[in-house]
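Because the structure is predicted, anything quoted here is derived from the model rather than measured. By convention in this document, chain letters (A, B, ...) are assigned in the order of the sequence lines, proteins followed by strands, and residues within each chain are numbered from 1.
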Amino acid sequence: MDYQFPRELFSSFYNCGPPDSTLKHCAGHWGSYDRVGLQGGSGPHSNCTGTFTSRHQVRGERWRHTEPVPIPLFNPKKSFLWPSAPPDPLDFTEHMQNFFIDHCQDAFGCMSEILGDHIYSKKGLKGNQQRHAGLPRKIKRFIDMLNLPVCHQSYSSRSVQAYSALLSDVLPDVPAELLGSLLYEELTEQRDSLLFSEAATGGALDFIPFSHCGDFQRGCLIYPGNQGRDRLNFRTVELEHHRDKCFSVNSSISEPFSFQLKGPIRQISSASLFNDCCVAVRSDHLCGVWRCSERDQPRLLQVVNTREAATCISVSPHVLGEVLVASESGTANLWTVGKGIQKVHKDDSNLYFNAKSSWRWCEFSAHPRVVLYADRTGAELCDIRVSPASIHTLFRISNTTQCRSGERLIFCRYLGSTHPFHHILTTQHSAYIMDERFPCLPMLKLDHMMQFPPMFCHVLPGVSSPGPTGGVCRTTKVVLGSQSSQEITLLQYSGGRAEACVRHGPPRALLRPCDGLKHLPVQIPHRMDTAANRLSSPAAGLTCIQKSEGNGASRECFCVLQLTEAGDVFYQILEHEGSDTSLAPATEDEPQPQQTAKVLPPQWTLDNGTESGRDSSSSHCLAQTDSQLVVPDTSSDEDVIRPTQGSTLPTLIPETPRSKLQDDASSETGSEELETQKKGQKLKRLNLHVRVNDDPAGEDRKKNKTDDPEHPAGNQETTSNLTSTVQQTSVKLSEAAVILWKRWLQKLMLISHKKKPRPQHPHHLTLNSCGLLCLSRDKMRELSEEAHVTNVRRQLRACMSNHSLLVRSTVPSDSTDILPFPDQVDTEAWKDGLSQRLTLSWQGEEMWRAWWEDRLGLNNDKKMDALRKKRRREREAKRAAGPRLDLSGSFTSSVSYQSDVDNFSDFTGWSSGVSQGARSDTEGTEMLSQSEDLVESGVPEGRTPTMLLTESTFPTPSATPPHGKNTQDNLGTPSSSKVYTELKTVQLEFTPSSQRRSKRPGDHYLSSLFGSQESRKLHLHCPASRMVPLSMTTTSWMRATRSSTRFHPWPTRRSATAPSLCPPPRLHWGGRGHNQRRRSHGWAFDFGSQYCTASWFLVDFFKRKKMDRIFFHLFMITLTKDIVTSSRHGNRILIFNGQAFF
Amino acid sequence: MTMDDLEHELWPPVQLEDCTDSSDNTSAKERKKPRLPLADSFFVETKRETGFHRSTRLCLERIREAMLHHRWQEAAEYMAWYPQMIEDTTAGSGHHYKEIIWRMSTEILHHHPNSKMDDYNVIYERIKHSGVKHYLMICLEHSFHLMLHGQMENAKRHLSIAESWRHGKESACQIQMTKLIQAYKSLLDFIIWSDKKNAPSSTNITDPQSSQDLHNYFRQASVNLKEILKYPGVWDTFILSYVEMLEFNEDYQEAEKVLQDYAYDNTFPSNPNAHAYLFRYLQRHNASKRKLMNVLKILHKLVPSHELMLDYSSFLLVSEKKSNTKKALGILLDMLDYACWRTSMDVWGGLKYVIDKLQLQEDWTEVVAEKMSARKGWWPALHFTRFHATEDAEQRHQLMEVKASLAEILCPDIKLTYSAVQTINGDR
């Protein structure tokens, strides 16, 4: 009576509008009855007896696993395994590294072209360039060393690190920012697809049952094979039932019949009519239809290519050869194989609201010309007889009662075989049974309680007709499978015809392959890893084999097959063990499980132990009371791999070290019995351990037992069949299964070893161990201080208890505590300008300011006045002394003074005359300033380095400022390249000249300098170490390092006489276009003594309009690992070897 | 430090349970919606997790795992420990835990061999009174439990208590729950009414006492039943009870109005039962053919496969109008589109009758062709393949004859293998 509609539905409210409730607990629908209705109430209720029936029936059918683990159906094949853990998008340094290595041409192509000439020595290279010819070899060697993917730390190369620090933002063709964001996107996508890959919806595993004979249910299993899952296999399998044994699936009936496809198989859909079957296969852009039957070999009928990725394929259960194909573009096509394709539905957007999803689905419905079209927001029925199709809503997230906010449709399927009007729709929280005659309101809502959304589904129709087994109505069973977590859940419901739909029992989680290993004998770790990895690959499909009714007295069973992405098929068989409805309610006389639970059997099985202690229920014990000795079982399993029985499995490798040990032992003693005894003892010892864990639970149960002495009277729902409860959980791994698994695992190991051969030589892992074993001085001091403090505390406590005083003599004074007073700095010994300045600054700001004024020439006027006065006096004296005037001399001198004045008024920052007394030629200050006029003249990298050295001969007025020269130099360099390769600039460095760089008035500079100086006290403490500007071009740096012996790029120690002179490197601003014009850099530092009294550097950054601010840009770096802070416009600037600089 | 501060320091602020559902909304909005349609994980370690929280979380995980694998004994053992979660004052949202405890323990009791009625009552009562949020829901479930176990009086008592319960601002959810509680209470009243009516003692209807009693129950029941029918939803049980009582009191007008509203109110979901009830009611009360046909006409639009369509077609055939025969043809063909009617002798027989009747008319071929034009492409494959023929020949011989005779008429242009098989079989 398929056409019947339930006479009375359970009452419910019909709420429209978006759902606003969120699921806040993990308990789903547990415990609730979810409405009741009057039983048998059709038409007038006049004769109703007031018996109710609930929408959620407490009890469902009981199905028992025949094995506690799923069994592999086929031998393991080679497969490519994706990492099981999704990549973390935030951790992309590693991925960047991979990118650089794998796609170095894309990453560095252009820059390596440009730089190649300079890095690799050519014949024609001259001068300084030749000196660097050795470097690439170093780099090459370094990179060769890096080839071993071992500890990178051990292969450090200073120069390479310097290069990487210098060039890291220059070299990549794709800017790091862009690459980073692209990579992030990609990683996010990858993670998403690992968590939830919607392409797999529907599942790529199917079973076509053939007619059955006797106790066998034979059929054709369709599954993808091959490494890329691109081979379609048809294979006859058989669900057998042996009288003595339990069920098993036999896959060795025939060889598979297979077809090679062009892409991975995503979904297999099949439908059979009159023993003729139509199989449709979807891969991303290809869909094909095969036809097969019990007698005929499968043959390909037609293949179509879809422009957009196909998201769904479904075969018509009404007319053979009709297939629906939906694609990401939102079109649904009815494909009549061999005849043509008709567009059924087109929808650019999502149906009911914007879910930002391009997933589409379509299914057939009860009417052959009404198709169900679904996306994440709901499903609608399109009548395609009329054009455009008339549409009405079947399911809509917002109209369905008790939808949660954020709930989305994951998958739907037409349940033609179960009920001609029913569809099942799954969301991440529930599965809804919809009747298309009553749209919008679900007939039933089943909470599946899975953690990942169910994407695969198989529905086993319930048998409503009285069969030979006693006319029991079987529930319809819904088996849902999720992808990434391999979860399988069994739900049961009944009704839908004359009676309203009713769900039975709570959801039941079935076995997962990834949980299987703990039931199996223990493996050695690396095999365990391989096996676990393989077993936990995401599920890719699900199907069931149902043994049909009417096969005599044999027990009912069904088999759930699950395909993983590694290409393995696992099956688990569930046997029916009678539901409460069919069994008489338990009487109170029946033995309680607690009574048996108290008696723990002497042999506790190993697999129970490994199954984890929480499987502590009484059930196990009861099962073991029939004295199935498990110890011989496990030992006999080991026999399989014994060399003496090599005929059965000649090539297999020994399973575990333990078994190997035992093999050895047996060969030594030559007595197998002894060995089993030994093993038995061992196991017993293990068992004891397990029992200890379980004892408290048993006691608890005893207590419970005393509390609940009897069953509720007259409560049919709660009385239960104890034996069934007990049996259900007491599934023991059978011997055959263990052997099967063992073989499977061994073959897996063989494959995985074949796949990646053992490396010829082990990787030598070298670690820098120096410094690891001895504590650093700081640490030592800390420790000793700590010890000291605790010591003092202890003594203080002792003194307090003795009412005595703690005096110094009692405290053991630590000599290391007293720090030596540093020597006073002999200011006379430091004659360079910087030292002078620093010394002066101790005497107060006035002095310091005066020094600066002096230095910058702000007091030039005064000086000139003084000079003029002096000359006037001299002249007067001369006049007085002699009658003749040397006019020309005075004229020239006055001119030169005049030019000096001009100079001074324009000069950016440096003046002379101060360091006249300081006859040190080693002090170097340099300034890299950018002159406006150069920028205006159109030089892109208008950073003209000017070098100003205070020489002993200073001031020497120079009539020819090196303007033009610099400009020429700059123009001479290729402007597109960011590399500055001129030598002359370097040579300039030692041209003792004061140069006219800019028109900025010096007092502005000074005031700004003061301003900044006042705000932060410039006290640098620099340990003797090395500093390098962060970004500067290779060549200039190399030149800087080599052009002059005076340059000590890494002034490790200050020489006794003079501080090192640092090179004026050309700073480089790789890739960053902004602010280029306004930056000018100079840098200088020198190093103090061991105690580093001072170091000074200056990088100025002028903003033309804002003269009151100076931005200090520091780009400093060391070549040692522990660098490094470069800071921009900051007061606190840099941390260097762990010490802070202002 | 002032006194207030001290108090504040000493006593952690008590989490006031909010009695509205607004918290659901805010939390949903605050959380960034995931792009993937994944369910939220409930077992996430939070940042400020104490040891207690950790162990309760793990415990809950274990319980859930055990329950999903139907290891009830294990779950019960863990469950004995879990309820101390209620005592935790730092967890802001205590009501989740209460609901979890209630749901899980009830489910465990459902399956545990030693559960008894008292255990249920304890759980229901405890959790019911431990928070206001779930009071109504648990009350309803509790009374369901009692109803299912035949304790009508008890259930009714619980429902009456819950009926008058008010707390805080009435949310939409709470209103609906109250209405349901009232309706179920009225349903119990109806059952009592029905029992009294059918009881042998009430054969003497003239007895004023018993009739007064009956009327009282009717009044009690009808108020709430009538009330809930105003809300859009599925109220099959309630409306049947209400109509039955109205019929008994001979308030036919009200009964028909109620059924009409239930069927034709647009705010209600399109429940096929509503139309069926109306039809049957009208049929019971000998309504005119026109009225009945109107009901069926609307039903046909909604559910062309409904079993009442057989009645509809026969109604149409009885009427003398010419166009009605055509309509009947359409209705029967529509039914045959659906999988469930494809092998029904009734429909095929009806179709044959209609065709026979049509053939009396002159333009019958056009009429048939018009109805079949849309089906030409797929009807042969749906009904008249060789496979259908062999199967029908094996299982439904009578049907086969009817189908074979109709095949040529319905699909005249197409060469069908169905009839050929039939002739072979016939020869045999």
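Between the side chain of A:Glu487 and the main chain of A:Gln451, a donor-acceptor pair closer than 3.5 Å is present. Not a single donor-acceptor pair under 3.5 Å links the side chain of B:Ser143 to the backbone N or O of B:Ala155. Listed for the B:His149 side chain is a donor-acceptor partner under 3.5 Å among the backbone atoms of B:His145.
At a 4.5 Å heavy-atom cutoff, the contact between A:Arg437 and chain B is made by backbone and side-chain atoms alike. In this structure, the portion of A:Phe10 lying under 4.5 Å from any heavy atom of chain B is its backbone and not its side chain. Contacts of A:Arg35 with chain B are made by both backbone and side-chain atoms, with heavy-atom separations under 4.5 Å. For A:Leu9, the parts lying under 4.5 angstrom from a heavy atom of chain B are both the backbone and the side chain. Heavy-atom distances place the side chain of B:Leu60, and not its backbone, under 4.5 Å from chain A. Contact of A:Tyr3 with chain B is made through backbone and side chain together, with heavy-atom distances under 4.5 Å. For A:Asp276, the part lying under 4.5 angstrom from a heavy atom of chain B is the side chain only. With a threshold of 4.5 angstrom between heavy atoms, A:Pro317 does not approach chain B through any atom at all. Heavy atoms of A:Leu320 lying under 4.5 Å from chain B are absent altogether. Of the atoms belonging to A:Glu407, not a single heavy atom falls under 4.5 Å from chain B. Interface remark: B:Glu391 contributes side-chain atoms only to the contact with chain A (heavy atom separation under 4.5 Å). Using a 4.5 Å cut-off between heavy atoms, B:Ile228 contacts chain A through its side chain alone, with no backbone atom that close.
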Handout entry: Worked check of ring pair (Phe, Tyr, Trp, His ring centres under 6.0 Å) between B:Tyr338 and A:His318
Key = CA-CA 9 Å; B:Tyr338 288 95; A:His318 307 289; 8.9 Å; no

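Looking only at heavy-atom pairs under 4.5 Å with chain A, the residue among B:Asn273, B:Thr267, B:Thr106, B:Ile239 that has the most is B:Asn273. The greatest number of non-hydrogen atom pairs below 4.5 Å with chain A, out of B:Trp193, B:Tyr281, B:Tyr184, B:Trp378, is found for B:Trp378. Per-residue counts of heavy-atom pairs under 4.5 Å with chain B were compared for A:Gly37, A:Pro420, A:Pro453, A:Pro368; the largest is that of A:Pro368. Comparing B:Ala374, B:Pro304, B:Ala183, B:Pro272 by heavy-atom pairs within less than 4.5 Å of chain A, the highest count is held by B:Pro272. Contact count versus chain A (heavy atoms, under 4.5 Å) is highest, among B:Met104, B:Gln176, B:Glu307, B:Met137, for B:Gln176. Ranked by non-hydrogen atom pairs under 4.5 Å with chain B, the options A:Gly321, A:Pro6, A:Ser316, A:Ser32 are led by A:Ser32. Ranking A:Ala500, A:Pro506, A:Pro507 against chain B, the residue ahead of the rest is A:Pro506, based on heavy-atom pairs under 4.5 Å. If you tally non-hydrogen atom pairs under 4.5 Å between each of B:Asp118, B:Leu302, B:Leu188, B:Asp337 and chain A, the highest count goes to B:Asp337. When the candidates B:His306, B:Arg342, B:Met335, B:Arg280 are compared by the number of heavy-atom contacts under 4.5 Å with chain A, B:Arg342 comes out ahead. Chosen from A:Lys339, A:Arg369, A:Met449, A:Glu436, the residue pairing most often with chain B at heavy-atom distances under 4.5 Å is A:Arg369.
Between A:Phe5 and B:Val303, the closest side-chain pair of non-hydrogen atoms is not below 4.5 Å. With contacts defined as side-chain heavy-atom distances shorter than 4.5 Å, the pair B:Ile63/B:Glu74 does not qualify. At least one side-chain heavy atom of B:Arg375 sits under 4.5 Å from a side-chain heavy atom of A:Arg385. At least one side-chain heavy atom of B:Lys156 sits less than 4.5 Å from a side-chain heavy atom of B:Ile192. Side-chain atoms of B:His388 and A:Phe274, non-hydrogen and from C-beta on, do get closer than 4.5 Å to each other.
With A:Trp359 as the aromatic partner, A:Arg376 meets the cation-pi criteria of under 6.0 angstrom to the ring centre and within 45 degrees of the ring axis.
Note: B:Phe268 and B:Trp235 fail the aromatic proximity criterion, with ring centroids not under 6.0 Å apart.
Partners of A:His448 by ring pair (Phe, Tyr, Trp, His ring centres under 6.0 Å), not counting sequence neighbours: none found. The side chain to side chain donor-acceptor pair (under 3.5 Å) test applied to B:Ser305 returns no partner, not counting sequence neighbours.
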